[in-house]
Protein chains: 2
Amino acid sequence: MSRPTIAGVARAAGVSVASVSRVLNGLPATVEMVERVQRAVEQLGYVPDARARSLKVGRTFQLTLAVADVGNPVYVTMMRAVEEVVSAAGYRLVVTTTGPDVVDEVALVRGMARGYADGLVISPLRVDDDLIKSIRECDVPVVVAGNVPASAGVDTIRANSPKGMLLAVEHLLQKGRRRIAFVNGPVDTVPGAARAKGFAEAMKANGLRSVAEVEAIDFTFAAGREAARELLSGLPRGASGRPDAVIAANDLLAVGLMHELAADGLEVPKDVAVVGMDDSELAEQSFPPLTSVNLGSAERGRRAAELLLARIEDDTRTPRRIVVQPTLSVRRSTP
Amino acid sequence: MSRPTIAGVARAAGVSVASVSRVLNGLPATVEMVERVQRAVEQLGYVPDARARSLKVGRTFQLTLAVADVGNPVYVTMMRAVEEVVSAAGYRLVVTTTGPDVVDEVALVRGMARGYADGLVISPLRVDDDLIKSIRECDVPVVVAGNVPASAGVDTIRANSPKGMLLAVEHLLQKGRRRIAFVNGPVDTVPGAARAKGFAEAMKANGLRSVAEVEAIDFTFAAGREAARELLSGLPRGASGRPDAVIAANDLLAVGLMHELAADGLEVPKDVAVVGMDDSELAEQSFPPLTSVNLGSAERGRRAAELLLARIEDDTRTPRRIVVQPTLSVRRSTP
DNA sequence: ATGAAAGCGCTAACAA
DNA sequence: TTGTTAGCGCTTTCAT
């Protein structure tokens with residue numbers, strides 16, 4: 001026996017399909033009607049078809065969150081926050097992974113026009129004109145958790161990387177570290193570019209010059225190790241040429257770095273202090289626990305979800321651009 | 001201007017909607033027809049509506065993966081593997097989180113009947129009769145990545161925890177550790193129960209008695225720390241009463257444990273060796289890198305996806321129950 | 001090869 | 001309050 005439809009329920013209950021629909025949607029009906037319908041529903045094990053419903057009402061009550069890499073713990077934090085807001089509003093959240101390529105992001109955004117979901121929160125790693133264009137043309141509301149130009153005319157919610165860098169640099173300075181190196185992710189990404197700029201500014205503002213800078217090929221643990229090896233091998237062996245602190249562009253890179261420091265016989269924080277960014281779960285799980293710049297991923301997730309819900313309600317709102325301020329979570333990787 | 005429909009394209013191209021549909025689906029048509037349709041599609045920026053299509057053809061070309069906790073790195077591995085298989089087969093993968101409660105799992109499985117996706121891979125933490133019933137009654141194919149009774153009559157693909165435990169215990173034994181303790185997750189979960197049983201058997205098979213056993217309230221880092229505190233506080237302070245090795249039921253618990261060991265001034269692996277389970281990315285990221293039982297999460301993910309695709313093709317196949325064999329990834333947390 | 005039309009399962013006018 | 005009915009956008013017979 002195949003799945004029962006609303007027509008089957010109507011037949012079983014001896015009422016019209018419209019009445020079944022009404023009862024199911026809580027619209028006014030006599031107690032007797034409600035009872036008959038519910039009995040029939042129960043008996044047949046009827047479950048309304050979401051596709052048919054959404055085809056009719058034009059809404060799926062699903063929202064999509066697209067992230068670049070599920071393995072990056074910063075997205076876990078964000079996901080949790082988005083999930084909370086979204087489910088409280090009666091939506092299901094589905095998560096999809098885009099990978100590091102902008103073409104996949106564009107394909108995803110374009111695909112949203114097919115009606116998979118009522119809205120999208122996307123945290124793009126790389127942004128180009130194609131992506132912005134696809135977002136603008138997207139039939140469903142999109143909010144960007146990241147940095148796109150104001151001219152894109154889209155709701156965005158982003159971190160303040162420069163401010164975060166300042167926090168990191170000044171914390172290190174205050175701890176007496178002045179020979180600071182930097183492990184960034186790819187500078188052709190949005191966060192990579194922002195952090196490069198932020199680092200340069202923060203150093204300059206404090207009259208410092210960086211001891212060394214390397215760029216990992218992506219924001220992963222493995223890339224962090226690789227970059228750290230490059231960093232360490234490029235340095236004179238003597239202690240005087242070495243950095244006494246390293247800032248990493250995210251926690252995964254920082255943890256990768258710490259492994260290489262240990263492999264080189266360097267102790268954290270005694271010989272080298274390390275500061276990560278994102279303040280993800282990994283920061284407290286790492287050993288030693290990692291001092292990390294909290295870029296507000298939970299708040300960004302929460303507010304992105306709120307922005308999306310608001311725009312679904314009212315598509316004429318003028319786009320908002322929210323910036324979340326960073327804080328510093330000090331742990332034992334800095335003295 | 002609202003989204004163009006197939007009718008709009010037909011009008012613009014001066015052909016019938018049937019012809020548009022045919023061209024879009026690659027069915028035979030004259031070159032001229034194909035050209036006219038494609039021009040109209042291009043011009044209007046037409047994108048077919050997946051909801052309407054799936055209502056008609058009865059398929060969404062979406063598959064769902066449901067996991068209990070996105071913060072558990074074992075699911076990252078599994079997700080990646082599932083994603084690979086599924087997207088190669090032309091499906092989109094959507095990931096949803098159920099949380100630790102079985103009622104949420106049941107709700108999810110029931111909800112699948114609404115037609116959100118063509119199939120489901122679920123890795124349930126807790127299993128009860130309701131869940132099994134909902135899986136059996138589910139209108140779309142479900143494969144369980146985990147352990148449910150054969151009587152459930154459902155495709156399953158599971159790890160061999162007892163064998164994994166044996167690997168762990170014998171490795172420790174071989175390294176000269178005999179005073180072994182165990183940090184498990186909740187025993188009312190499927191993995192928790194399996195690991196408790198496996199640990200008991202493995203110890204018995206080697207003529208060993210466990211020094212101590214604790215049960216964390218869930219499979220998280222925080223719970224691991226908590227459980228480890230309990231473990232350590234229940235032990236005599238003298239070295240002779242202390243375990244010289246601890247096995248943890250997953251990597252998160254193991255890392256939590258290592259933090260508490262360090263807080264107690266105990267060195268890993270010198271004073272205490274630690275073995276985790278899952279061999280997730282966290283195992284290599286932790287410090288020291290964690291020896292971990294590889295329960296084949298990538299392979300389980302891959303084969304679960306394959307099983308699901310096969311069942312979508314042919315729903316009459318007799319259910320398969322695949323067991324993936326474990327291996328041990330030795331790292332520096334054991335001597 | 002192409003077009004007309006039925007209908008997937010549901011909701012929302014509109015009528016009664 | 002309840003029933004009848006027209007679609008939502010698409011695919012797929014069945015004619016032509």
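Every chain is numbered from 1, with letters handed out A, B, ... down the list of sequences. These numbers were taken from a predicted model, which means no experiment stands behind them.
Closest heavy-atom contact between B:Ala50 and A:Tyr116: CB-CE2, 3.7 Å. In terms of heavy-atom proximity, B:Tyr46 sits nearest to B:Pro4 at CD1-O, 3.3 Å. The two residues B:Phe61 and B:Asp118 make their nearest non-hydrogen contact at N-OD2, 2.6 Å.
Rounded to whole Å, the distance from CZ on B:Arg11 to C1' on C:dA4 is 16 Å. For the pair A:Arg3 CZ and C:dG9 P, the interatomic distance rounds to 8 Å; values are reported in whole Å. Rounded to whole angstrom, the span from the CD atom of A:Glu35 across to the P atom of D:dT2 amounts to 13 Å. Here C:dA4 presents its P atom at 14 Å from CD1 of B:Ile6, a figure rounded to the nearest Å.
The end-to-end axis angle of the helix from C:dA1-D:dT16 to C:dA16-D:dT1, rounded to 10 degrees and based on five pairs per end, is 40°.
One distance of note links CG of A:Asp130 with CZ of A:Arg110; it measures 6.0 Å at 0.5 Å rounding.
By the 4.0 Å N-to-carboxylate-O rule, B:Arg80 lies close enough to A:Asp69 to be salt-bridged with it. Using a 4.0 Å cut-off between a side-chain N of Lys or Arg and a carboxylate O of Asp or Glu, A:Arg36 and A:Glu32 qualify as a salt bridge.
Remark: of the listed residues B:Arg321, B:Arg311, B:Arg303, B:Arg136, B:Arg311 is the sole one forming a salt bridge (charged side-chain N to carboxylate O under 4.0 Å, His left out) with B:Asp155. Only one option out of B:Thr189, B:Asp101, B:Asp188 pairs with B:Arg126 in a side-chain hydrogen bond (donor to acceptor under 3.5 Å, both in side chains); it is B:Asp188.
Between A:Leu63 and A:Val121 there is no side-chain heavy-atom pair separated by less than 4.5 Å. Counting heavy atoms from C-beta outward, A:Leu309 and A:Tyr91 have side chains that approach closer than 4.5 Å.
When each of D:dT11, C:dG3, D:dT2 is scored by its nearest atom to the side-chain atoms of A:Met33, the top-ranked nucleotide is D:dT2.
At least one side-chain nitrogen or oxygen of B:Ser16 sits closer than 4.0 Å to the OP1 or OP2 atom of C:dG3.
Along DNA chain C, the nucleotide nearest to B:Gly14 and the one nearest to A:Arg51 differ in position, and the one closer to the 5' end is contacted by B:Gly14.
Within residues 19-32 of chain A, the residues approached by DNA chain D to less than 4.0 Å at the level of any non-hydrogen atom are A:Ser19, A:Arg22, A:Ala29, A:Thr30, in residue-number order. Looking at residues 52-63 of chain B, you'll see B:Ala52, B:Arg53, B:Lys56, B:Val57 sit with a heavy atom under 4.0 Å from some atom of DNA chain D.
The neighbour count for B:Arg317 CZ, taken as heavy atoms of other residues, nucleotides or ligands under 6.0 Å away, is above 12.
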